[in-house]
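Read the structure below first, then the notes.
Atoms within a ligand are numbered from 1 in the order they appear, just like the ligands themselves. Count residues from 1 along the sequence. Just so it is clear, the structure is predicted and the values come from calculations on it, not from any experiment.
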Amino acid sequence: KVRREGSSSVLAFRPELDETLLRRCTLETELLKAIVRDELQVYYQPLLNLADRTVFGAEALLRWDHPRLGPVSPAEFIPIAEENGYILELGAWVLNRAMKEASSWNRPLDLSVNISAVQISQGNLVATVSEALERARFPAERLDLEVTESLFIDENLDLKFCMEELRALGCSFSLDDFGTGYSSLGYIPKYPFSRIKLDRSFVTPTMASKQDTAVIEAVLNLARGYGLSVIAEGIETPDQAGKLLELGCPLGQGYLFGRPMDAASFSALLKNAA
Ligand code: C2E
Ligand code: MG
Ligand code: MG
Ligand code: MG
């Protein structure tokens, strides 16, 4: 994963900029119609206990398949939706759809939903979440909200208050993509997190060298100190899973265990595993 560049970069005129802008405008216009045209889906990726490889939950990941443009990655359209504010509608849609689908799983599993900063700063996330919980009759104790590190650059009392309210409802919070952003760690105990998600950039192909595992060990120590659980993202090989477990990382997700899949496939996976 690439670190975010500073915002002060100067743009020189480049002809390919036209194309980039055109694509952006197209996506922006088309995205506004994606919900009513039924082009969106929620995919689910299993979350596992590494020791016995049992599934304890799923991360909900938004998918957009446009009839003409084909599948568009959330990494491309989420930032656009964050800029134009449409993320409020998308975010509410994901929460409602994911909890509705998760209610029909044959086992009570955790459901993790990604939340954007904008949903907290501009939306009424507490109301959106409680309405969705009620509508789906989904227990708040099983809903985990994933927020990224970049939210915590400055001490943010609104954010803290919002998180505490949701925590009081029963929801939990995971710190997503941990390690990719900001080096200050002081914010962690100030907010009600229960889990850290170790970014997949630390789960390297071999995890053989001291340098490879040093960051992972540091994160595990830090989490232990704060009483937080850790889940590793992007596990693709049995070696990586074994090494993480050996280092003391209890939880994981990645292509090794399952790619993100549609609701029917995820249900089928649970039935086969039972
Ligand atoms: P994320 O929350 O860090 O999600 C994990 C990403 O890693 C997903 O990409 C997933 O498909 C991918 N992944 C999982 N296992 C592996 C693996 O073993 N190897 C590799 N190479 N990749 C793996 P995806 O689905 O493309 O989502 C990208 C990002 O878009 C997410 O990163 C999240 O930040 C954002 N996103 C997705 N859905 C939503 C949503 O509903 N709301 C918001 N606000 N953001 C979302
Ligand atoms: Mg996530
Ligand atoms: Mg992540
Ligand atoms: Mg990540």
Look only at interatomic distance and state if Ser73 has a nitrogen or oxygen under 3.5 Å from any nitrogen or oxygen of ligand 1.
no

For a distance under 2.8 Å, tell me if Asn114 has an N/O/S atom near the Mg ion (ligand 2).
yes

Looking at Arg23 and Glu19, does any basic side-chain N land under 4.0 Å from a carboxylate oxygen?
no

Just checking, is any N or O donor in the side chain of Ser201 or Asp199 under 3.5 Å from an acceptor N or O on the other one?
yes

Taking 4.0 angstrom as the limit and counting only heavy atoms of Asp176, give me the atoms of ligand 1 inside it, by number and element.
1 (P), 2 (O), 3 (O)

Given Ala60, Gly234, Pro46, Pro74, identify the one with the heavy atom nearest to atom 24 (P) of ligand 1.
Pro74

Suppose we screen for salt bridge (charged side-chain N to carboxylate O under 4.0 Å, His left out). Which residues come up paired with Glu236, at least two apart in sequence or across chains?
none

Is ligand 1 under 4.0 Å from a heavy atom in the side chain of Ser116, in the backbone, in both, or in neither?
both

If a pair satisfies side-chain hydrogen bond (donor to acceptor under 3.5 Å, both in side chains) and one of its residues is in residues 65-75, list it, with sequence neighbours excluded.
Glu30-His66

Part of Ile235 with heavy atoms under 4.0 Å of ligand 1, whether side chain, backbone, both or neither:
backbone

Ion pair Glu76/Arg24, N-O distance below 4.0 Å
no

Stepwise side chain to side chain donor-acceptor pair (under 3.5 Å) check, Glu131 with Asn96:
CA-CA 9 Å; Glu131 278 164 28; Asn96 280 285; over 6 Å; no

Check this for me, if you would: do Glu246 and Lys243 make a salt bridge, where the nitrogen-to-carboxylate-oxygen distance has to be below 4.0 angstrom?
yes

Which is it for Ile78 and ligand 1 at heavy atoms under 4.0 Å: side chain, backbone, both or neither?
side chain

Which bit of Asp199 is near ligand 1, meaning a heavy atom under 4.0 Å away: side chain, backbone, both or neither?
neither

Short version for Lys197: what comes under 4.0 Å of ligand 1, heavy atoms counted, is neither

Distance-only N or O hit between ligand 1 and Asn114, under 3.5 Å:
yes

Salt bridge Asp177-Lys197, side-chain N to carboxylate O under 4.0 Å
no

Within ligand 1, which atoms have a heavy atom of Gln45 less than 4.0 Å away?
14 (C), 15 (N)

Those atoms of ligand 1 less than 4.0 Å from some heavy atom in Gly254
15 (N), 18 (O)

More than 12 heavy atoms from other groups under 6.0 Å of CD on Glu134:
no

Are any of the N or O atoms of Leu62 closer than 3.5 Å to those of ligand 1?
yes

Within-cut-off N or O pair, Gln253 and ligand 1, under 3.5 Å
no

Looking at ligand 1, is there an atom of it that comes within less than 4.0 Å of some heavy atom belonging to Arg259?
no

Could you tell me whether Tyr255 and ligand 1 have an N or O pair separated by under 3.5 Å?
yes

Hey, what's the ring geometry for Phe77 with Trp64, parallel, tilted or perpendicular (30° and 60° as the breaks)?
perpendicular

Check ligand 1 against Val94 and write out every atom of the ligand that is under 4.0 Å from a heavy-atom position of the residue.
41 (O)

Nearest N/O/S atom of Asp176 with respect to the Mg ion (ligand 2), by atom name, please.
OD2

State plainly whether one hydrophobic cluster holds both Leu61 and Tyr44, where clusters connect Ile, Leu, Val, Met, Phe, Trp and Tyr through side-chain heavy atoms under 4.5 angstrom apart.
no

Find all atoms of ligand 1 within a distance of less than 4.0 Å from any non-hydrogen atom belonging to Glu236, and give their numbers and elements.
17 (C), 18 (O), 19 (N), 20 (C), 21 (N)

For the Mg ion (ligand 2), what is the closest N, O or S atom on Glu59?
OE2

Under 2.8 Å from the Mg ion (ligand 2), is there any N, O or S atom belonging to Glu146?
yes

Contact flag Asp177/the Mg ion (ligand 2), N/O/S atoms, threshold under 2.8 Å:
no

Do the side-chain N and O atoms of Glu82 and Ser116 include a donor-acceptor pair separated by under 3.5 angstrom?
yes

Quick one: is the NZ or CZ of Arg224 closer than 6.0 Å to the six-membered ring centre of Tyr226, and within 45° of its axis?
no

